[in-house]
Structure formats: C-alpha cells, structure tokens
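The next block holds one structure in the form of structure tokens; read it before the comments.
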Amino acid sequence: MHQQLQTTGGTTHAELDAWVKEVAAHTQPDDVVWVDGSDEQIAQINALLVEAGTFTPLADDKKPGSFHALSDPQDVARVEDRTYICSAQEKDAGPTNNWMDPQEMKDLLRPLFEGSMRGRTMYVIPFVMGHLEADAPKYGVELTDSAYVVASMRIMARIGSDILAKMEDTQAPFVKGLHSVGAPLEPGQEDVAWPCNETKYIVHFPEELAIWSYGSGYGGNALLGKKCYALRIASVMARDEGWLAEHMLILKLTNPEGEVHYVAGAFPSACGKTNLAMIQPTMPGWKAELVGDDISWMRFGEDGRLYAVNPEFGLFGVAPGTSRSTNPVAMETVERGNSIFTNVARTPDGDIWWEGMTEEKPAELIDWHGNPWTPDSEELAAHPNSRFCTPIRQVPNIAPEYDDPRGVPISAIMFGGRRKTTVPLVTESRDWQHGTFIASTLSSETTAAATGAVGVVRRDPMAMLPFMGYNASHYFDHWLEIGKQADADKLPKVFLVNWFRKGDGGEGGFLWPGFGENARVLKWMVDRIEGRVDAQDSPIGYLPRPEDLDVDGLDLSTEEVAAALAFDRAEWEAEIPLIKEWFDTFGEELPAALQDELATLEQRLAGQ
Ligand code: GTP
Ligand code: SPV
Ligand code: MN
C-alpha cells in the first residue's frame, strides 16, 4: 500500500532534506511519503482513511467526494492550556501565553516524539500560506503521521509539488511544522479510527520558526498552517517586518450605487466570522462577496492604505447553527462536495446533519459518538465544535480578488464578541488609538472552539488571545505603531459590534436578529466612511442615532432597535474595574496610550 504512495525520493532543498531525515530517524515511521497534492494521491489517501475507519464516504448524490469523520471524544477542540510559546526569553511570550524555556521544552518533547511514528507513514507536506506569487512567499512544511491531516491540509492550504519546486529554486526558508498523533503501533497492533494521545503539546519556537505538535489530530492543533503558523508564528514575523497577522474575516461589499468597500472583522472563535464573511445582505441592491473567513494578513500598499490577504485555501467552519436560513452560502458551498465533516451526525442515506441545520430533526442518525440517535435522545447529535472543511473556491460568491497576491484595501475593521449585556450593536472608535484600546479590551463569552468552560466572559484582545505569538503588550505597541505609519484618513475606521446582546439585562432573547440583517450595520459603517451620515458622541465612542440605521423591512419595533443600539452608563461603569483588572495583568509593559484611553473613558463616563 505505502509503496504505491511513494511519489518522490526527496528534495533538492538541502535544509528540508536534512530535516526530514533527522525527524524520520527520531520518530521512526515505517515509510516517508512526499505529498504532491495531486488528485490521484489524495484519492489514495482518502481510500486509506476509509479503510482505517477514520472516514465514512458520504453518498455521491448528497455530498460528492466528501467524508464523515468522528474524532476521539477527548480530541474535539484546540487545547489552549497545552499551547506554548517557547521564546528564548520568558518576557517575549508575555503574561497571556504559556511559556517554557525552549531547551527544556525540547528535552521534554524529544522522548515523546522518539519512535512516535512507528508503524505509521510520515507524510511530508510542502505548503505556502498566502500566494505562491507573493513577493516573498511564506513557505511551510508539515511532517505528520496523520493521513487525516494530509487530506485536511489539501483543502485548507496551497500544498504540493508546485510549492516544493519553487522552494527548491531559491532554497527558500520555511516554517518547520512537526506533528505526531503520538500513537505508535507495535507490529500486529490494530489501529483505531482516530489515533491520538491523552498527553498533548502544541508548541511554538518563534525564533526558530518551528512548531512541534503532539498528541492531537484535531483542527487548529494539527493543521499547522492555520493557527500555529498563520497566526502565532506569523504574528512574530509581522511584528519584525511591519505588518499584521490577524484573526479576521475579509468581506467585499458593493452598495446599490456600485461603491466597493472591503472590511475586515475580528471575532473570537465561534463568534461569527465565517457567518459574516458569507453574509447575504437583506437590503435590496447590496452585494457581499467573500475574501476570507478566519485569517487576514495585512500590510501597507504603495498608496498608504492597509491591504489584506487571506492566506488560507479552505474554510474550517463551525457546523452547528449553519442552515439555509442563517448561512445559505455555506450550505451551497458544502453541497458542491469535496469536503470533510468532523464530529457532525450522519444520516442513514449518507448525508450529514447537525443541530440547527433543519427545524425538524431527522428520525434517525448516527451521532458524533458513532451511536444510533433519535430526536428523543438527550445528547447532542453533533458536537458543538463540529466542523466542515471545504475548499474556498467552491464558495459561490467568492470575490475574484481572493486570488490577488496584493490583497484588498481595507476601509473598516470590526471587533466583536459575545456579550449578553453592556456592548451596543455598533460603536465607532474616535481614531486608531481609541480603536486599539477597544480591541485590546475586547471581551467575549467562551465557546466550544477550545476545551474548558463555555459561556464565561473573558478578555480576548483583538480576538487573538489564544493566537498571539509574543508578548501582548508588545503586540499592542505594534498596533499603535502601525497607526502612526499612515495618514489618519487612509487608515481603516475601527468599529466595535455585538450581535449577541440580550434583553432583560442579559436574560432575554437576542435583541438583534443577526446574520443577513447585520448588513444594516455594515451599511451604517460604509455611510460613516463616506461621511454621509452623522453619529452621536458618547463616552464609549460614536453611536448611530436610531433613525440613521436602515431598518426598512426589518421586523423590529423602534423600541427594540433602540434597545440594541443603547449605551447603558451603569453597565459601562461596572465594566471599568474589569478593564483595570485586565490591564493590571500587563503591569508596566502596557503601552501608556492604552492607560490614557482608559482614563479618558472613565472621565467621560463621569461626565467630565
Ligand atoms: P471560528 O471558526 O471558531 O474562528 O468561528 P467563527 O468566528 O467563524 O464563527 P462562526 O461564523 O462559525 O459562528 C459561530 C456560531 O455563531 C454559529 O453557531 C453561528 O450560527 C453563530 N452566529 C454567527 N453569526 C451570528 C449572528 O449574527 N447572530 C447570532 N445570534 N448568532 C450568530
Ligand atoms: C478557531 O478555533 O478559531 C478555529 C478553529 O478557527 S481551529 O482551526 O481549530 O483553530
Ligand atoms: Mn478561528
């Protein structure tokens, strides 16, 4: 079987060749397979995954070329408490990251990786994050003993021979991603459908541009191009090279007059990026197209504006809650097939289902534990962090600019989270520094995207708390610095949004219908950018006057709209000590500009 998959003998890239040999000698796989990314090779890998029981093929008339995968029930999300930034100096990891001395960490991990690939194949996946035609393409290579990772990386990143060839041409530097599920097989030992290890480590060595991931086969823990590279390692590169690597969607908006604006939006995990990136505006004449749904790399163009590129090639989206009414574009995208569905439920006729997909629940299912399920079952059919993994090119309304290595000029950046109270539907910051303050104090209720408690309010600055590859204070400095590099009128306007505010002091239902109706908020932002509409000043920033929000055809009363938009002084007074407590985490390192902004907020709240 493996012999057939052997595609090349190796590489002429000297550093890569040496590293592959060194890792193979240490992890002791049965064979090494170079991933060329071809359809034939991926078909073979998918067949192996079906044979191993990891994949169940879905019916061709439902989801062609697609597979259903069920993980180990203990391996369902990112593991933030097992994630480390091992910079040489502890100070460079900062107070928000786990840190260990790099040498100590390697001494701890080397014995775990020793022989960890025994009985398995080690795959070599050359990939590029962003465009191969970029001025300086950002290369990576992932070595993994998981065929599921290969099949997923094929969807999520640009991988294979073209990338390797170009790396070889220039002997280009690359990020070294080492991944093992940590489940070696003894001779004759039968494999399980989802091998993994109770012990998990997701470790970054920013100075060496290296990632060592052990014990998990899931999403952001294992697909190393995504959070590990494109956010944690890339944020360090971005700091050093003067750009931004952010947890942001990128959306192209065209209004009925034909004006085009590109906006970016940072929301913590499972807080609405994919949904907003695929929005179908409810207002007549408005058009939205997707550029990116999770990660944005932004740098200044020659015209002094900030340009954003989506470095990914696929979507790894939260499944539950996705339906024809909430996100028809996502439904259409996965209908085109070629997708992997992990930890959703399977129907008897070879399709998939998750909570929220249809109003009526199917009569029978195989749930995410692999057990029979009926609507009477107490358990959820799909895990709350179950995901679809699907090629971005299948998105019906993908913006053609997605393929442009120069990226798209950003007019506005939104920050948002899940807050039942306090944070109004939309607030415009007064300037870049105030926007940086708002972003640095961003907060949200935790979700199932990471292991741990769900629904607890935590600060998630720039929606990057789990993804900053360096000291958060220095990261804030970098944001402030970026703001000084451009004319104020060329910088994106910064907005704070909250689709998740609830009535009755947080106990009631959502005050705002969300999803396609969020376009009404986007319209107000565009009008602000174009200087067409006024706003009212408030202690927290500029707010829309209720009459300025386009509510034509919206099924809400004037009072309901006002409640969604309202600034509540008492709630913000209660927020101040929480922000202070958050800022205390950073001590003296916190940029003075952010302390100034906090003082200004307090003064404004006190009516001075
Ligand atoms: P990651 O992929 O984890 O980074 O998540 P994401 O930010 O892309 O979140 P996603 O768009 O997948 O949304 C997560 C959940 O929030 C889904 O269950 C959605 O149905 C729900 N959601 C998204 N947008 C809205 C909205 O406008 N209103 C409400 N009430 N829920 C929303
Ligand atoms: C997130 O958690 O923000 C995700 C999913 O986008 S994962 O790839 O698992 O990080
Ligand atoms: Mn994400």
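Residue numbers count from 1 along this sequence. Each ligand, and each atom within it, is numbered from 1 in the order the structure gives. All values derive from a computational prediction rather than experimental measurement.
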>> Restricting to non-hydrogen atoms, name the atom on Glu517 and the atom on Trp512 that form the minimum distance, rounded to 0.1 Å.
In response: O-CZ2, 3.3 Å
> Under 4.0 Å from ligand 1, counting heavy atoms only, is it the side chain of Arg418, its backbone, both or neither?
Replying inline: side chain
> ligand 1 and Ala449, any nitrogen or oxygen pair closer than 3.5 angstrom?
Replying inline: no
> Measuring from the heavy atoms of Tyr218, does anything fall under 4.0 Å of ligand 2?
Replying inline: no
>> Going by the closest heavy atom to atom 4 (O) of ligand 1, which one wins out of Lys273, Met278, Arg387?
In response: Lys273
>> Within ligand 2, which atoms have a heavy atom of Ala449 less than 4.0 Å away?
In response: 2 (O)
> Got a donor-acceptor contact below 3.5 angstrom from the Asn97 side chain to the Ala93 backbone?
Replying inline: yes
>> I'd like to check which ligand 2 atoms, numbered from 1 as shown, lie under 4.0 Å from a non-hydrogen atom of Phe316.
In response: 5 (C), 8 (O), 9 (O)
>> Which label fits Tyr229 and Trp297: parallel for a plane angle under 30°, tilted from 30 to 60°, or perpendicular past 60°?
In response: tilted
>> Lys273 versus ligand 2: do any nitrogen or oxygen atoms come within less than 3.5 Å of each other?
In response: no
> Looking at His247, which atoms of ligand 2 are within less than 4.0 Å of one of its heavy atoms?
Replying inline: 3 (O)
> Considering only the protein, which heavy-atom contact is closest to atom 6 (O) of ligand 2, and what is its distance?
Replying inline: Lys227 NZ, 2.7 Å
> Is there a side-chain contact between Val79 and Tyr218, using heavy atoms and a 4.5 Å cut-off?
Replying inline: no
> Can you check whether Phe500 has an N/O within less than 3.5 Å of an N/O in ligand 1?
Replying inline: no
>> Distance under 4.0 Å to a non-hydrogen atom of Asn275: what atoms of ligand 1 satisfy this?
In response: 10 (P), 11 (O), 12 (O), 13 (O), 19 (C), 23 (C), 24 (N)
> Which pair of heavy atoms, one from Ala319 and one from Phe388, lies closest together, and at what distance?
Replying inline: CA-CD2, 4.1 Å
> With a 4.5 Å heavy-atom cut-off, do Asn310 and Ile392 have their side chains touching?
Replying inline: yes
> Can you find a pair of side-chain heavy atoms, one from Asp294 and one from His247, that are under 4.5 Å apart?
Replying inline: yes
>> With heavy-atom distances below 4.0 Å as the criterion, list the atoms of ligand 2 near Lys226.
In response: 6 (O), 8 (O)
> Just heavy atoms, cut-off under 4.0 Å: does Leu223 contact ligand 2 by side chain, backbone, both, or neither?
Replying inline: neither
> Is any side-chain heavy atom of Asn385 closer than 4.5 Å to a side-chain heavy atom of Val76?
Replying inline: no
> Once rounded to 10°, what is the value of the angle centred on the Mn ion (ligand 3) between Asp294 OD1 and Lys227 NZ?
Replying inline: 110°
>> Does ligand 1 come near enough to Ala270 that some N or O of the ligand is less than 3.5 Å from an N or O of the residue?
In response: yes
> Do Val521 and Pro544 come close enough that some side-chain heavy atom pair is under 4.5 Å?
Replying inline: no
>> Quick check on contacts: which atoms of ligand 1 are under 4.0 angstrom from a heavy atom of Phe510?
In response: 30 (N)
> Does Pro375 offer a backbone N or O that forms a donor-acceptor pair with the side chain of Ser377 under 3.5 Å?
Replying inline: no
>> So if I count the atoms of ligand 2 from 1 in the order they appear, which ones are less than 4.0 Å from some heavy atom of Asp294?
In response: 6 (O)
> Strictly under 4.0 Å, does any heavy atom of Arg387 approach an atom of ligand 2?
Replying inline: yes
> Got a donor-acceptor contact below 3.5 angstrom from the Gln394 side chain to the Gly337 backbone?
Replying inline: yes
> Would you say Gly317 contacts ligand 1, with heavy atoms under 4.0 Å as the rule?
Replying inline: no
> Using the ring of each side chain (for Trp, its six-membered ring), is Trp373 parallel, tilted or perpendicular to Trp353, with breaks at 30° and 60°?
Replying inline: tilted
>> Test of understanding: given a 4.0 Å heavy-atom threshold, classify the contact between Thr322 and ligand 1 as side chain, backbone, both, or neither.
In response: neither
>> Heavy-atom contact check, 4.0 Å cutoff: does Thr326 meet ligand 1?
In response: no
> Given that the side chain starts at C-beta and the backbone is N, CA, C, O, which of these parts of Phe267 lies under 4.0 Å from ligand 2, counting heavy atoms, or is it both or neither?
Replying inline: neither
> So, does Arg501 use its side chain to make a donor-acceptor pair with the main chain of Ala563 at under 3.5 Å?
Replying inline: yes
> Can you tell if the side chain of Gln280 reaches within under 4.5 Å of the side chain of Phe515, non-hydrogen atoms only?
Replying inline: no
>> Below 3.5 Å, N or O to N or O, backbone or side chain included: is there any such pair between Arg78 and ligand 2?
In response: yes
> Can you tell which of Asn197, Asp72, Asn221 makes a side chain to side chain donor-acceptor pair (under 3.5 Å) with Ser216?
Replying inline: Asn221
> Between Asp460 and Met464, is there a donor-acceptor pair closer than 3.5 Å when you use the side chain of the first and the backbone of the second?
Replying inline: yes
> For Pro320, is at least one N or O under 3.5 Å away from an N or O on ligand 1?
Replying inline: yes
> For ligand 1, which atoms have a heavy atom of Val318 less than 4.0 angstrom away?
Replying inline: 12 (O)
> Considering only heavy atoms, does Asp294 approach ligand 1 within less than 4.0 Å through its side chain, its backbone, both, or neither?
Replying inline: side chain
> Which residue supplies the protein heavy atom nearest to atom 7 (S) of ligand 2, what is that atom called, and how far is it?
Replying inline: Gly220 N, 3.5 Å
> For Lys420, does the NZ atom have more than 12 heavy-atom neighbours from other residues, nucleotides or ligands under 6.0 Å away?
Replying inline: no
>> Of all the N, O or S atoms in His247, which has the shortest distance to the Mn ion (ligand 3)?
In response: NE2
>> So if I count the atoms of ligand 1 from 1 in the order they appear, which ones are less than 4.0 Å from some heavy atom of Pro268?
In response: 7 (O)
> Which ligand 1 atoms are under 4.0 Å away from a heavy-atom of Ser269?
Replying inline: 1 (P), 3 (O), 4 (O), 5 (O)
> Side chain of Ser66, backbone of Asn338: donor and acceptor closer than 3.5 Å?
Replying inline: yes
>> Suppose we measure from atom 26 (C) of ligand 1 to each protein heavy atom; which comes out shortest, and what is that distance?
In response: Phe515 N, 3.7 Å
> At the 4.0 Å heavy-atom cut-off, does His247 count as touching ligand 1?
Replying inline: yes
> For ligand 2, which atoms, with element, lie under 4.0 Å from some heavy atom of Phe467?
Replying inline: 3 (O)
>> Tell me the closest heavy-atom pair linking Ile85 and Gly469, and the distance in Å.
In response: CG2-O, 3.3 Å
>> If the cut-off is 4.0 Å to any non-hydrogen atom of Ser269, which atoms of ligand 2 fall inside it?
In response: 1 (C), 2 (O), 3 (O)
>> Quick test: of every protein heavy atom, which one is nearest to atom 9 (O) of ligand 1, and how far off is it to 0.1 Å?
In response: Gly272 N, 2.9 Å
> Between Arg324 and Glu335, is the closest basic N to carboxylate O distance under 4.0 Å?
Replying inline: yes
